[in-house]
Amino acid sequence: MNPLMTYWQAFKTGALDTLPLQMGVAPFGLIFGTLAAPAGLSPWATLAMSVFVYAGSSQFLALSLLAAGAALPVIVFTTLIVNLRHALYSATLQLPFAHLPFLRRAALAFFLTDETFAVVQSASSRQIVPLDAVMFGSGFVNFTTWVSFTAIGIVLGQNIPELQHWGLEFAMVATFTGIVVPLLITRSQVACAIVAGVTALLAHGLPYKLGLLLAVFCGVLAAMHLKEKA
């Protein structure tokens, strides 16, 4: 395959590469839609949250905090901690997107999710250009799935009792495993994943999801240590 494509070809590549990952996104959106009403959100507020916030893990966290009656600063701070990984994603993608106008980069940043980051990284390693078209294609598919299945979850949640307890969230775990494992090629990458995973498990009880931030920090340190020794 020629890595130099038209915008439409690159868009289609990003969209097609993202489709398999929707097996995890769809049930995740479905569950979010079913959980929103018990947490006190109206159907329209739930849908608006998926459209304008578009951050799965943070939306779930915000729901649980809203249901617990947490103060707004606590909700903002906690969701910020969970989404700090996007700063690392942005730093990784800064160089290949630096030539784009600011407004286009800002628009693409809205679509930056775990799934889209993995697809763009894969396309970048294959030297596919234009990379922004790949990201837009991936983001379009992911966003459409997330919003659509949030809407379906809202409807089903009002008609099927206890749907949130069917264990559908396992699909998201399987999806993240499928995203990460193919990217673990070097020793430092494998060490980063192992150290981060173990740290996240050990620090699971820390408040405000600080264990995730600690896991990222320890994983990066492990990878840097191995690279320096190489």
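Looking at every heavy atom in both residues, Q59 comes nearest to M49 through OE1-O, 3.6 Å. Between V147 and S50 the shortest heavy-atom distance is CG2-O, 4.0 Å. Contact detail for L131 and S124: the closest heavy-atom pair is CD1-N, 3.9 Å. In terms of heavy atoms, L47 sits closest to A151 at CD1-CB, 4.0 Å. Smallest separation of non-hydrogen atoms from A215 and A196: CB-O, 3.3 Å.
Under the 4.5 Å side-chain contact rule for hydrophobic residues, V51 and I31 share a cluster. Under the 4.5 Å side-chain heavy-atom criterion for ILVMFWY residues, no single connected hydrophobic cluster contains both L100 and L103.
Note that OG1 of T116 and CG of L93 are 10.5 Å apart. Values are rounded to the nearest 0.5 Å. For the atom pair SG of C192 and CG of L184, the computed distance is 8.5 Å after rounding to the nearest 0.5 Å. How far CG of D114 is from CG of N142: 9.0 Å, rounded to the nearest 0.5 Å. In this structure, L61 CG and L66 CG are separated by 9.5 Å, a value rounded to the nearest 0.5 Å. To the nearest 0.5 angstrom, Y7 atom OH is 15.0 Å from K12 atom NZ. Of the inter-residue distances, the one linking F117 atom CZ with L112 atom CG reads 7.5 Å to the nearest 0.5 angstrom.
Here the two rings, on F143 and F110, have centers that are under 6.0 Å apart. Residues F32 and F60 bring their aromatic ring centres within 6.0 Å.
A donor and an acceptor atom, one from each side chain of W146 and Q22, are nowhere located under 3.5 Å apart. In this structure, a donor-acceptor pair under 3.5 Å is absent between the side chains of T18 and E115. Looking at S58 and N83, their side chains do bring a donor and an acceptor atom within 3.5 Å of each other.
Looking at D17, T13, V120 one by one, the single match for side-chain contact (heavy atoms from CB on, under 4.5 Å) with I128 turns out to be T13.
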message: Evaluate R105 against D132 for side chain to side chain contact (heavy atoms under 4.5 Å, CB included), listing each step before the verdict.
response: CA-CA 9 Å; R105 282 184 281 130; D132 58 316; over 6 Å; no

